Amino acid sequence: MRDPKTAGERRDFPLSEYLLLTGHRFGEGAALRFNDINRGTRTISVQRARAPRGPMMLDAPTKTGNEWRLTMRPSVVALL
């Protein structure tokens, strides 16, 4: 995945790499918004997850129902 060759791989690379680097679940990564990222403190606020609701994906609480902050490593900062 670090050398995406197809359109699908290029589309999926950022989220796949983010999930691998942080250990977040797919729904948590898919629900991430730009305002959840604080470059000043180098933290990511995990507050919600994307969950299937019929034919749509809607925001929902995280699997555990908890919210937390993740300190970004340099590799995550570079990706985002």
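Keep in mind that this is a model prediction, so the values were computed, not measured.
The shortest non-hydrogen separation linking Leu21 to Arg73 is O-NH2, 2.9 Å. The shortest non-hydrogen separation linking Glu28 to Ala49 is N-CB, 4.0 Å. Across Gly29 and Leu15, no two heavy atoms sit closer than the pair C-CD1, 3.8 Å. Taking both residues in full, the closest heavy atoms of Leu79 and Tyr18 are given as CD2-N, 3.5 Å, listed atom of the first, atom of the second, then distance.
Expressed to the nearest 0.5 Å, how far CD1 of Ile37 lies from CG of Leu32 amounts to 4.5 Å. To the nearest 0.5 Å, the span separating CG on Asp36 from CG on Leu70 amounts to 11.5 Å. The line from CZ of Arg10 to OG1 of Thr6 is 6.5 Å long, rounded to the nearest 0.5 Å.
With hydrogens and angles disregarded, a donor-acceptor distance shorter than 3.5 Å links the side chain of Glu9 to the backbone of Lys5. In this structure, the side chain of Arg50 does not engage the main chain of Ala60 through any donor-acceptor pair within 3.5 Å. In terms of modelled atom types and a separation under 3.5 Å, the side chain of Arg25 and the main chain of Thr62 share no donor-acceptor contact.
Using a 4.5 Å heavy-atom cutoff, the side chains of Ile44 and Val76 are in contact.
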Between Asp59 and Gln47, is the side chain to side chain contact (heavy atoms under 4.5 Å, CB included) condition met? List the steps. CA-CA 10 Å; Asp59 285 347; Gln47 304 173 29; over 6 Å; no
